[in-house]
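Take a look at the structure below.
Residue numbers count from 1 along this sequence.
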Amino acid sequence: MSTPRRSSARIRQSTLSSINSNDSSRHTGEQTTFLAVKNSKTPAKHSDRSMMPPPTAVEADATIGRVSFRPGKWRKSMSTLLKTSMCRREGACSIGGERRITMYQGPSQSNETLHDAQRLSSNTTADRPSDSHDVSVQRFVAPLSWKTVSDQRFLCPQRSKDEVMTRCGQREPISFEQALAKMEATVERKIGEGVYGEVFLCTKPNDTQSVLKLIPIEGNLPINGEKQKTFEEILSEIIISSELSDLRQQNVQFSTDGFVELRSVSCVVGEYPQRLLELWKDYNDRQGSENDSPEDFPSDQLYIAFETAFGGSDLDGYRFYNAQQAFATFTQIVLALAVAEKRYDFEHRDLHTGNILIETTKVPERTYCLLGEEIVIKTHGLKATIIDYTLSRIVYSGLCLFNDLSTDEELFTAEGDYQFEIYRNMKTVLQNQWDQHAPRTNVYWLHYLLDKLTSVRNFREKTSKAHKAGMKAMKQLSDVLLQFTSVHDIVRTFFAPDVLEADKEN
């Protein structure tokens with residue numbers, strides 16, 4: 001196995017080079033920053049969105065009025081609960097339901113291909129190296145099978161419950177007491193919530209912190225006006241969370257610790273613990289909750305419990321020391337997305353400020369491995385982590401996992417923030433076919449993040465050269481970012497490897 005080329009990206013004839021040079025009192029050594037974009041005499045201005053794709057018939061057919069929403073996590077109404085399963089491209093078949101698993105099957109392939117895949121998937125000891133897009137599915141424990149819904153054929157694990165249980169390391173659901181004992185943690189307080197569940201902060205005996213996310217599944221009681229997820233639907237979230245977390249393992253081709261670390265997954269059954277109900281009420285009293293109280297769940301309710309590393313507070317409202325720190329945070333997000341984009345055809349599709357966590361760090365550098373190229377950048381004292389893959393899309397062992405938003409009119413008619421314009425841009429570039437891969441969606445979200453970072457007014461200091469250089473760099477980048485079709489293209493353009501001394505002499 002070859003050794004990855006180590007690259008400390010540098011500036012080449014760029015007006016942005018001052019962004020790191022003004023911070024020499026805090027950091028020394030190798031550094032990474034963005035290069036100036038070539039041939040950008042007529043950049044696309046954010047105000048006119050001139051680089052956005054023109055509206056198509058898909059975008060122009062909205063017949064209901066625009067709805068105003070707060071930025072952050074969006075909520076769907078009861079009118080959007082019905083999701084129809086349709087084959088949206090030739091040779092693609094998908095699971096019915098809100099979350100789809102699609103296997104791309106060429107015209108020359110037959111059902112024998114599926115049978116071969118099933119035989120591989122039933123061999124749980126198989127551990128062969130796999131390319132990101134191979135068609136084998138040996139990593140699925142439950143065999144895959146076809147099912148028919150509304151005259152459409154869909155591919156899915158034959159026993160999704162068995163697949164989930166295996167990935168949880170269980171044979172049957174366990175109690176809350178067993179799950180918390182498995183985590184070896186004490187739940188301290190509720191720190192957040194989503195449409196499908198509650199988020200709690202935990203402390204382990206060694207004083208490290210972790211996060212517990214509880215999602216009710218398979219029940220008849222609506223959760224915050226939504227149907228509970230099924231084993232089939234939650235399986236994809238488990239897979240995506242696990243695969244992105246595993247990118248932190250050292251790999252010669254792809255590695256990043258920019259996605260939240262998944263520490264354990266459990267399937268739990270029973271009454272909501274009294275301790276957690278009290279913490280839920282404390283949260284509601286302090287800042288108000290948009291969710292229904294968990295006390296309404298029955299005693300036989302099933303849950304999926306995700307335990308992840310604690311990643312800090314979310315980017316929404318985070319107070320940076322200066323724009324240089326903000327730019328360093330943005331750079332980390334860019335590189336993490338680029339790694340996942342090339343490894344899994346990954347699109348986050350919901351990367352608003354609530355889905356990025358920020359925490360302080362004493363580690364001066366952060367390393368990314370992208371297609372065998374090792375890129376080292378400065379942290380400037382902050383570490384960024386990407387979370388929440390509810391809308392995300394990846395290709396895993398030949399299967400495409402995605403969330404079909406084709407009938408969710410409410411999401412695409414919301415107004416009040418640039419965030420909702422991004423959803424409409426995604427719908428346009430994907431032509432409302434959410435199984436397709438369009439890495440430009442990642443670029444849209446990066447542009448949204450730059451818009452937020454350059455409009456932040458609560459920097460602690462705004463007069464230094466470092467702050468002014470950082471703000472200038474982000475604004476210049478924002479002007480040209482929408483010219484790119486993928487995050488990988490952005491990295492190839494803005495990161496340059498150092499020239500080896502031997503090359504200089506020659």
(request) Would you indicate whether the side-chain heavy atoms of Thr390 and Asp350 approach each other to under 4.5 Å? (result) no
(message) Donor-acceptor check, side chain of Asn291 to backbone of Val195, threshold 3.5 angstrom: yes or no?
(response) no
(request) Establish, from distance only, whether the side-chain atoms of Ser293 and Asp296 form a donor-acceptor pair under 3.5 Å. (result) no
(request) With sequence neighbours excluded, tell me which residues meet ring-ring contact (aromatic ring centres under 6.0 Å, His included) with Phe200. (result) none
(request) Give, for atom OG of Ser210 and atom CD of Glu188, the distance between the pair rounded to the nearest 0.5 Å. (result) 10.0 Å
(message) Donor-acceptor pair, distance only, cut-off 3.5 Å: does the side chain of Arg189 make one with the backbone of Leu201?
(response) no
(message) If we ignore hydrogens and angles and just use 3.5 Å, is the side chain of Arg393 paired with the main-chain N or O of Asp345 as donor and acceptor?
(response) yes
(request) Would you check if Ile356 and Leu449 make a side-chain contact, meaning some heavy-atom pair closer than 4.5 Å? (result) yes
(message) To the nearest 0.5 Å, what is the distance between CG on Leu335 and CG on Leu337?
(response) 9.0 Å
(request) Just do the ring-ring contact (aromatic ring centres under 6.0 Å, His included) check on Phe346 and Phe259 with the steps written out, would you? (result) CA-CA 12 Å; Phe346 174 74; Phe259 297 91; 5.6 Å; yes
(request) Begin from the C-alpha positions of Ser289 and Glu193 and carry the test side-chain hydrogen bond (donor to acceptor under 3.5 Å, both in side chains) through to its verdict. (result) CA-CA 8 Å; Ser289 173; Glu193 60 187 19; 2.6 Å; yes
(message) Please tell me whether Gln301 and Glu218 have a donor and an acceptor in their side chains that are separated by less than 3.5 angstrom.
(response) no
(message) If you define the side chain from C-beta out and look only at heavy atoms, does anything of Ile375 sit under 4.5 Å from Glu373?
(response) yes
(message) Return the OG1 to CD distance between Thr329 and Gln324, rounded to the nearest 0.5 Å.
(response) 10.5 Å
(message) Between Lys452 and Asp316 (salt bridge meaning N to carboxylate O under 4.0 Å), is one present in this structure?
(response) no
(message) Donor-acceptor check, side chain of Ser245 to backbone of Leu262, threshold 3.5 angstrom: yes or no?
(response) yes
(message) With no hydrogens and no angle check, just 3.5 Å: does a side-chain donor-acceptor pair link His447 and Tyr418?
(response) yes
(request) Taking the side chain as every heavy atom from C-beta outward, state whether Arg349 and Leu430 have any atom pair closer than 4.5 Å. (result) yes
(request) Please report the closest heavy-atom contact between Lys204 and Glu307, naming both atoms and the distance. (result) NZ-OE2, 2.8 Å
(request) For the pair Gln228 (side chain) and Ile223 (backbone), establish whether a donor and an acceptor sit closer than 3.5 Å, ignoring hydrogens and angles. (result) no
(request) Starting at OG1 of Thr353, measure out to CG of Asp417 and round the result to the nearest 0.5 Å. (result) 8.0 Å
(message) Counting only heavy atoms not in Glu184 (residues, nucleotides, ligands), do more than 12 fall under 6.0 Å from its CD?
(response) no
(request) Heavy atoms only: give me the nearest Ala305-Val268 pair and the separation to one decimal. (result) CB-CG2, 4.1 Å
(request) Only counting residues at least two apart or in another chain, list the ones meeting side-chain hydrogen bond (donor to acceptor under 3.5 Å, both in side chains) with Ser266. (result) Lys182
(message) Please check this pair: side chain of Gln325 against backbone of Tyr321, looking for a donor-acceptor N/O pair closer than 3.5 Å.
(response) yes
(request) Show your working on ring-ring contact (aromatic ring centres under 6.0 Å, His included) between Tyr448 and Trp445 and close with a plain yes or no. (result) CA-CA 5 Å; Tyr448 155 88; Trp445 283 108; 5.3 Å; yes
(request) Kindly indicate, with the supporting measurements, whether the criterion side-chain contact (heavy atoms from CB on, under 4.5 Å) is fulfilled by Asp282 and Lys190. (result) CA-CA 8 Å; Asp282 289 343; Lys190 176 180 169 178; over 6 Å; no
(request) Rounded to the nearest 0.5 Å, what's the gap from CD1 on Ile215 to CD1 on Ile304? Could you check? (result) 8.0 Å
(request) Assign the ring pair Phe459 / Phe320 to parallel, tilted or perpendicular, where the plane angle (0 to 90°) is split at 30° and 60°. (result) tilted
(request) Scan side-chain atoms only and decide if Asp207 and Thr203 contain a donor-acceptor pair under the 3.5 Å cut-off. (result) no
(message) Checking Phe254 now: which residues fulfil ring-ring contact (aromatic ring centres under 6.0 Å, His included) with it, not counting sequence neighbours?
(response) none
(message) Quick one, Ser464 and Asn322 - any side-chain contact, counting heavy atoms below 4.5 Å?
(response) yes
(message) Contact between Thr454 and Met471 at the side-chain level, heavy atoms closer than 4.5 Å - yes or no?
(response) yes
(message) Closer than 3.5 angstrom, by distance alone: can the side chain of Ser241 be matched with the main-chain N or O of Ile238 as a donor-acceptor pair?
(response) no
(request) Please check if the side chain of Arg248 supplies one atom and the backbone of Asp257 the other of a donor-acceptor pair under 3.5 Å. (result) yes
(message) For the aromatic rings, using the six-membered ring if either is Trp, is the centroid distance between Phe484 and Phe494 under 6.0 Å?
(response) yes
(request) Determine the minimum heavy-atom distance between Asp388 and His348, stating which atoms define it. (result) O-NE2, 2.9 Å
(message) Nearest 0.5 Å, please: how far is CG in Asn355 from OG in Ser392?
(response) 8.5 Å
(request) Compare all side-chain heavy atoms of Leu391 with those of Trp434 and state whether any distance is below 4.5 angstrom. (result) no
(request) Might you work through the side-chain contact (heavy atoms from CB on, under 4.5 Å) test for Arg263 and Thr308, ending with a clear yes or no? (result) CA-CA 5 Å; Arg263 292 179 172 170; Thr308 66; 5.9 Å; no
(message) I'd like to check Leu446 versus Phe330 (side-chain heavy atoms, cut-off strictly below 4.5 Å). Are they in contact?
(response) yes
(request) Using a strict 4.0 Å threshold on nitrogen-to-oxygen distance, state whether Lys213 and Glu198 make a salt bridge. (result) no
(message) Strictly distance-based, threshold 3.5 Å: is any side-chain N or O of His488 a donor or acceptor partner for the main-chain N or O of Ala338?
(response) no
(message) With a 3.5 Å distance limit and no angle check, can you tell me whether Glu341 reaches the backbone of Asn442 through a side-chain donor-acceptor pair?
(response) no
(message) Check this for me: does any side-chain nitrogen of one of Arg440 and Glu347 sit under 4.0 Å from a carboxylate oxygen of the other?
(response) no
